Amino acid sequence: AQSVTQLGSHVSVSEGALVLLRCNYSSSVPPYLFWYVQYPNQGLQLLLKYTSAATLVKGINGFEAEFKKSETSFHLTKPSAHMSDAAEYFCAVTLTGGGNKLTFGTGTQLKVEL
Amino acid sequence: EAQVTQNPRYLITVTGKKLTVTCSQNMNHEYMSWYRQDPGLGLRQIYYSMNVEVTDKGDVPEGYKVSRKEKRNFPLILESPSPNQTSLYFCASSLGIFNTEAFFGQGTRLTVV
């Protein structure tokens, strides 16, 4: 079965500091991996996705993620946090042969402090 | 503008009173799904549909029904709502499932008393 684990339900950083949100996946076949962001009172929107074309994926708003097969990880990073980055972030996975669904992690709430 | 529209955004109802949450997309997507979001649990899939008249259960289908009579619409039906169905619900659509972006509605916050 496919699954993702997000370590840390809450992460707090200072404005200008590095953002690192962790995601590990469980899969016996190559996965498709996604990061979605949810701003308050809104639906989710795609930040970036891994599709096996390149291990380092760049997304919107300066975010990027690196697929590391050896570590089964797909951590999300941003070099310098901005107040507007405060939101909840979800890692998600889907697999061929893994059922017709996108499976989400439990989410990480990012707080950015002055 | 490409969008997924859910209605209503907020709903308070009583136990046992049937309700429907509507979802409509204007992107001609074949795949649509419903999720519920609960604190600490992330999003869990309720039902999905791969095309008109094709629906299937997700991870938490108990107490819910769906239908897909038209490509653009995918309503969620709660025949007899109970308090444990109090949650934030999202509809999503995409071209496919495996390598495509899912587009989400704004959400429906349902409270069952």
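Just so it is clear, the values below take in all heavy atoms, side chains as well, and ignore hydrogens, waters and symmetry mates. Letters A, B, ... mirror the listed sequences (proteins, then strands); counts begin at 1. Every value quoted in this text rests on a predicted model; they were computed, and no experiment measured them.
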*Does any heavy atom of chain A fall under 4.5 Å from the side chain of B/Ser49, the backbone, both, or neither of them?*
neither
*Under 4.5 Å heavy-atom distance to chain A, tell me which part of B/Asp59 shows up: side chain, backbone, both or neither.*
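Side chain only.
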*asked:* Can you list everything that forms a ring pair (Phe, Tyr, Trp, His ring centres under 6.0 Å) with B/His29? Sequence neighbours excluded, please.
replied: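 B/His29 satisfies ring pair (Phe, Tyr, Trp, His ring centres under 6.0 Å) with B/Phe103 only.
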*B/Arg109 atom CZ, neighbour heavy-atom count above 12 within 6.0 Å*: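 12 or below, so no.
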*Would the number of heavy atoms belonging to other residues, nucleotides or ligands and lying under 6.0 Å from CD1 of A/Ile60 be above 12?*
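Yes, the 6.0 Å shell around CD1 holds more than 12 heavy atoms from other groups.
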Cluster link [X] to [Y], ILVMFWY, side chain under 4.5 Å:
X: A/Leu56; Y: A/Leu76; answer: no
X: B/Val60; Y: B/Val21; answer: yes
X: B/Ile77; Y: B/Ile12; answer: no
X: B/Val4; Y: B/Leu43; answer: no
X: B/Tyr31; Y: B/Trp34; answer: no

*Nearest 0.5 Å please: distance from the OG atom of B/Ser33 over to the CG atom of A/Leu102.*
7.5 Å
Atom of [X], atom of [Y] and distance for their closest heavy-atom approach:
X: A/Phe34; Y: B/Thr100; answer: CE2-O, 3.7 Å
X: A/Thr106; Y: B/Leu41; answer: CG2-C, 4.0 Å
X: A/Phe90; Y: B/Gln37; answer: CZ-NE2, 3.2 Å

*asked:* I'd like to verify something: which residue of A/Gln42, A/Gln45, A/Gln109 has the highest number of heavy-atom pairs under 4.5 Å with chain B?
replied: A/Gln42
*Among the options A/Val93, A/Leu46, A/Asn41, pick out the one with the most heavy-atom pairs lying under 4.5 Å from chain B.*
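Answer, by heavy-atom pair count under 4.5 Å with chain B: A/Leu46.
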_Check: B/Tyr35 side chain, A/Phe104 main-chain N or O, donor-acceptor pair, under 3.5 Å_ = no
*Check each atom of A/Gln6 against the heavy atoms of chain B and say whether the ones under 4.5 Å are side chain, backbone, both or neither.*
neither
*Which region of A/Glu88, side chain (C-beta onward) or backbone (N, CA, C, O), has a non-hydrogen atom less than 4.5 Å from a non-hydrogen atom of chain B, or is it both or neither?*
side chain
*Pull out the residues in residues 81-92 of chain B that come under 4.5 Å of chain A, heavy atom to heavy atom, sorted by number.*
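Answer by number: B/Leu88, B/Phe90.
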*What's in the same ILVMFWY side-chain cluster as A/Leu18, cut-off under 4.5 Å, chained through other members?*
none
_side chain to side chain donor-acceptor pair (under 3.5 Å) partners of residues 1-23 of chain B, not counting sequence neighbours, each pair once_ =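 Every side chain to side chain donor-acceptor pair (under 3.5 Å) pair that includes a residue of residues 1-23 of chain B, provided the two are not neighbours, is B/Gln6-B/Thr108.
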